[in-house]
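A quick write-up on the structure given underneath.
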Amino acid sequence: MNQKQQDIDENLLLQYLLGNANDELRTSVETWLDADSGNRQRLDQLESLWIETGKLSPAPVAVDSEAAWTRMSDRIERAESPHSAPGKGKIITVHPLRYLLRVAAVLILLIGIYAVFKLVNRPIQEIELLSGTTVLRDTLPDGTKVALNQNSKLTFPGEFSKGNREVKLIGEGFFEVKHDEAHPFIIDAGPAKVRVLGTTFSVRAIPAMVEASRHGAGTPPGVGDQVVEVEVNVTEGRVMLFRVDPKTGNTASLLLISGETGIWNVERGEMVRIVSAIPDGMFWANRTLDFRSSPLSEVFAFIEKYYGVKIAFSNPAILDCRLTASFVDEPINRILTVIAESFSLNLETVGQGYKFTGGGCGNGQH
């Protein structure tokens, strides 16, 4: 067989070098090597180039090091040990130093392949934030700001992937997501997920065992806790609350905008949109009370709850007045004064509490 140098494809030679050649290819290559001294020189050049730079295609892949060493050793012994080429009586003598250099090169190659394999397949480090009995604030690797309410847990990778920025939440969290259109921010809240590009919102994924104590110092969330409800309150931007049924693949979703609340109830298996945001939905995170046509009966209840005061009134019609106002970290005196002025009421301090007097809104005044 009289094949010339250009008659052998470099990819076939590379398979021969890797020890992946079958009997037919191996015989063909070795016949080609014996046909001309320049052919063996060409093979040596390819092997050196691949070992030193890895620029030949296809690039080497992660392999079993022991098996690779066996294949390469066998190939070296066949190519370099004294033997007779098919159909010829030509004897090739092995130079000991050259043999040792080839063995060393193979070892370096395998060590390099193993190092790359370990680097590519190293486990992704996960970080956990646990808030305990206080509100915890932190910044994620992408610049997103997060606050965790009491007894909440957030799990996220030390470095986000090239696709989505995904975190896992048990409890309640407030997020100011750094905008990145190419990398959506996804919160895995158990039975449902939340997807955004960049906005401000809160998510509540409360496990059953702490649902009863959601406003107090509840039980720290555990891995096995079953989330019974996922609630999203949107302050700015757009947020999608969605769920994919793992059995049927069916999806359910709600696109929420500023001022809206979305709730996924696991037991009922339904999503509900609340056009008016829950007044105290963000209070734990930024001390915000957002009232939108809320009756003063409801307003007074929230104020008593968060400020620890008692509010009395001289006329039940006062409770019918509806308030539309937002208070962000305002002192109690400021909030009550705004209410009094809004409905032409009088405000008095009574002991440790307050009292409103006046006509109220029983005659349709709102």
Side-chain angles (χ1 to χ4, degrees), residues 126 129 137-149 152-157 159-208 211 214 221 225-286 288 290 292 326:
E126 283 198 339
L129 294 181
R137 302 179 189 277
D138 208 332
T139 301
L140 303 185
D142 68 327
T144 292
K145 296 180 180 179
V146 60
L148 291 182
N149 203 356
S152 299
K153 179 174 72 173
L154 185 72
T155 305
F156 58 94
E159 181 179 351
F160 287 115
S161 67
K162 296 181 180 179
N164 297 329
R165 298 171 288 167
E166 185 162 351
V167 301
K168 185 173 184 179
L169 173 69
I170 298 178
E172 191 168 10
F174 176 75
F175 299 85
E176 294 181 44
V177 177
K178 183 177 178 61
H179 184 82
D180 187 345
E181 188 171 351
H183 303 88
F185 191 91
I186 296 177
I187 300 174
D188 183 348
K193 293 187 177 184
V194 180
R195 183 182 187 276
V196 298
L197 294 178
T199 186
T200 304
F201 61 98
S202 70
V203 177
R204 187 175 66 89
I206 303 298
E211 172 67 10
R214 55 176 288 200
D225 294 344
Q226 181 65 43
V227 174
V228 296
E229 187 174 85
V230 177
E231 177 184 297
V232 180
N233 296 300
V234 183
T235 303
E236 298 177 3
R238 293 185 176 185
V239 173
M240 177 175 285
L241 172 64
F242 69 97
R243 179 180 185 273
V244 179
D245 191 307
K247 295 181 179 179
T248 65
N250 294 334
T251 61
S253 64
L254 278 180
L255 182 60
L256 306 169
I257 62 174
S258 177
E260 292 186 339
T261 296
I263 299 175
W264 167 259
N265 185 279
V266 175
E267 183 177 353
R268 294 193 299 270
E270 63 180 8
M271 285 190 177
V272 178
R273 182 197 309 272
I274 302 175
V275 175
S276 296
I278 297 174
D280 65 337
M282 301 291 186
F283 190 85
W284 66 269
N286 55 12
T288 295
D290 188 12
R292 305 194 181 193
S326 293

Just how far is it from atom CG of Leu169 to atom CD1 of Ile187, taken to the nearest 0.5 Å? 6.5 Å
Side chains of Thr288 and Asp290: do they bring a donor and an acceptor to under 3.5 Å? no
What's the spacing between Leu241 CG and Trp264 CH2 if we round to 0.5 Å? 9.0 Å
If you look at every heavy atom in Pro157 and Pro141, which pair is closest and at what distance? O-CG, 3.8 Å
Distance (rounded to the nearest 0.5 Å) between Leu129 CG and Asp138 CG: 5.0 Å
Suppose we screen for side-chain hydrogen bond (donor to acceptor under 3.5 Å, both in side chains). Which residues come up paired with Glu166, at least two apart in sequence or across chains? Lys193
Do the charged groups of Arg204 and Glu231 touch, with an N to O distance under 4.0 Å? yes
Rounded to the nearest 0.5 Å, how far apart are CG of Asp180 and NZ of Lys178? 8.5 Å
How close do Leu148 and Trp284 get, counting heavy atoms only, and between which atoms? C-CZ3, 3.6 Å
So which atom in Val234 and which in Ile257 form the shortest heavy-atom distance, rounded to 0.1 Å? CB-O, 3.5 Å
For the atom pair CG (Asp188) and CG (Leu154), what is the distance rounded to the nearest 0.5 Å? 10.5 Å
Tightest non-hydrogen contact, residues Pro191 and Val230, listed as CG-CG2, 3.9 Å
List in chain and number order the residues that pass salt bridge (Lys or Arg N to Asp or Glu O under 4.0 Å) with Glu181, two or more places apart in sequence or in another chain; answer none if no residue qualifies. none
With heavy-atom distances below 4.5 Å as the criterion, would you say the side chains of Ser152 and Glu172 are in contact? yes
In sequence, state the C-alpha distance, the side-chain angles, and the governing distance for Leu140 and Arg165, and then conclude on side chain to side chain contact (heavy atoms under 4.5 Å, CB included). CA-CA 10 Å; Leu140 303 185; Arg165 298 171 288 167; over 6 Å; no
For Val244, does its backbone N or O pair with a side-chain atom of Thr251 as donor and acceptor, under 3.5 Å? no
Could you list the residues that satisfy side-chain hydrogen bond (donor to acceptor under 3.5 Å, both in side chains) with Arg273, not counting sequence neighbours? Glu260
Flag yes if more than 12 heavy atoms outside Glu267 fall under 6.0 Å of its CD atom; otherwise flag no. no
Could you pull out the closest heavy-atom pair between Val239 and Val232, with the gap in Å? CG1-CG1, 3.9 Å
Run the salt bridge (Lys or Arg N to Asp or Glu O under 4.0 Å) test against Asp245 and tell me which residues pass, sequence neighbours left out. Arg243
Testing the basics here: between Gly281 and Ser202, what is the closest heavy-atom pair and its distance to 0.1 Å? O-OG, 4.0 Å
Please name all residues satisfying ring pair (Phe, Tyr, Trp, His ring centres under 6.0 Å) with Phe201, sequence neighbours left out, ordered by chain then number. Phe175
Contacts of Arg137 that satisfy side-chain hydrogen bond (donor to acceptor under 3.5 Å, both in side chains) - sequence neighbours left out: none
Can you tell me how far apart CZ (Phe160) and CZ (Phe185) are? Round to the nearest 0.5 Å. 5.5 Å
With a 3.5 Å distance limit and no angle check, can you tell me whether Asn265 reaches the backbone of Arg268 through a side-chain donor-acceptor pair? yes
